[in-house]
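Computed from a prediction, not measured in an experiment: that's the story for all the values here.
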Amino acid sequence: MTEEAAWARARTSREGKDHETRTRLLSCAEDVFAAHGYTRATIADITQAAHVSRASFYLYFTSKEDIFTSVASSVRDEFLAAHEVPGVDEDDPVALGRASSAAFLAAYSQHLDLLTVIEHQALADPAIAAVWTEIQERPRRRMIRYVERLTAAGQADPAADAEAVADAVLGMFARFARHRITDPAHFENTVDTLNAMYLRLLGIDARGA
């Protein structure tokens with residue numbers, strides 16, 4: 001092996017370990033913030049949970065505020081991904097509704113405690129407020145556009161205007177997610193229920209779709 005190849009291999013290995021450590025810090029930070037809230041959580045709590053030194057923490061994040069923003073942004077990205085389900089035909093509102101319901105419900109249930117912390121911290125931190133607004137508004141705007149598109153194409157006959165339907169659907173999803181569904185069978189039944197109500201709000205007959 002040449003010296004250049006050896007350095008490249010070492011660098012790749014280092015980058016992999018760096019990624020692994022940063023990911024572990026983020027995961028543990030979410031657990032700490034969810035359990036203790038933002039104010040009571042400390043960097044020491046996070047490093048102890050992640051089994052890394054305080055010095056290692058500062059290789060990846062500058063402060064508690066910095067890692068909290070990264071955690072909140074990661075949750076935001078997961079919520080947005082729940083509304084962009086790959087491999088599902090967007091022209092099939094029944095299949096898309098069920099896939100989106102499952103993804104949104106899973107994301108909400110997984111991050112339920114942290115979402116409360118993000119919402120609270122958004123009152124005092126403009127950067128977190130921007131993340132919280134995206135978590136709330138981007139799925140809503142996407143839903144509004146989707147309802148409008150289906151209605152214009154004659155595929156839906158919604159119970160109300162697109163904005164009201166979007167608010168009702170997202171509120172319904174959030175309400176059901178607060179029950180902390182852990183049983184797989186219960187989860188699937190809940191997804192079926194959510195999708196049935198979603199389709200009813202859109203005025204779509206699942207039997208004929």
Worked check of side-chain contact (heavy atoms from CB on, under 4.5 Å) between F176 and L194: CA-CA 8 Å; F176 271 71; L194 283 171; 3.8 Å; yes
4.5 Å side-chain heavy-atom contact, T23 and L26: no
In terms of hydrophobic clusters joined by side-chain contacts under 4.5 Å, are I144 and L80 together? no
Note, Y60 side chain near S70 side chain (heavy atom, < 4.5 Å): no
Is the number of heavy atoms from other residues, nucleotides or ligands under 6.0 Å of R149 CZ greater than 12? yes
Here the gap from Q136 atom CD to I118 atom CD1, rounded to the nearest 0.5 Å, amounts to 10.0 Å
With sequence neighbours left out, what residues match D192 under salt bridge (charged side-chain N to carboxylate O under 4.0 Å, His left out)? R98
Side chains of D157 and T151: closer than 4.5 Å at any heavy-atom pair? no
Check whether any side-chain N or O of N195 sits under 3.5 Å from a backbone N or O of V94 as a donor-acceptor pair, and report yes or no. yes
Quick one: side chains of residues 30-39, donor-acceptor pairs under 3.5 Å with protein atoms, not counting sequence neighbours, listed by atom name and distance.
from, atom 1, to, atom 2, distance (Å)
E30, OE2, H111, ND1, 2.5

With sequence neighbours left out, write down each residue that passes salt bridge (charged side-chain N to carboxylate O under 4.0 Å, His left out) with D167, or none if nothing qualifies. R140
If you apply the rule side-chain contact (heavy atoms from CB on, under 4.5 Å), what do you find for F68 with E65, and how did you get there? CA-CA 5 Å; F68 184 76; E65 293 83 356; 5.8 Å; no
Show, in sequence, the C-alpha distance, side-chain angles and deciding distance for W132 and L115, and conclude whether the side-chain contact (heavy atoms from CB on, under 4.5 Å) test is met. CA-CA 9 Å; W132 180 245; L115 286 169; 3.9 Å; yes
For Y108, give me all partners under ring pair (Phe, Tyr, Trp, His ring centres under 6.0 Å), at least two apart in sequence or on another chain. F79, F104
When you compare the side chains of S56 and S53, does any donor N or O come within less than 3.5 Å of an acceptor on the partner? yes
Sorted by chain and number, sequence neighbours left out, side chain to side chain contact (heavy atoms under 4.5 Å, CB included) with Y58 holds for I43, R54
Judged by modelled atom types alone, do T116 and D113 share a side-chain donor-acceptor pair under 3.5 Å? no
Can you confirm whether T21 sits close enough to R24 that some side-chain heavy atom of one is under 4.5 Å from a side-chain heavy atom of the other? yes
Go through the steps for V169 and M143 under the test side-chain contact (heavy atoms from CB on, under 4.5 Å), then give the verdict. CA-CA 9 Å; V169 169; M143 175 70 72; 3.6 Å; yes
Just jot down the side chain to side chain contact (heavy atoms under 4.5 Å, CB included) partners of A160, sequence neighbours excluded, or say none. A164, V165
Would the distance check show the side chain of T47 and the main-chain N or O of A44 forming a donor-acceptor pair, the cut-off being under 3.5 Å? yes
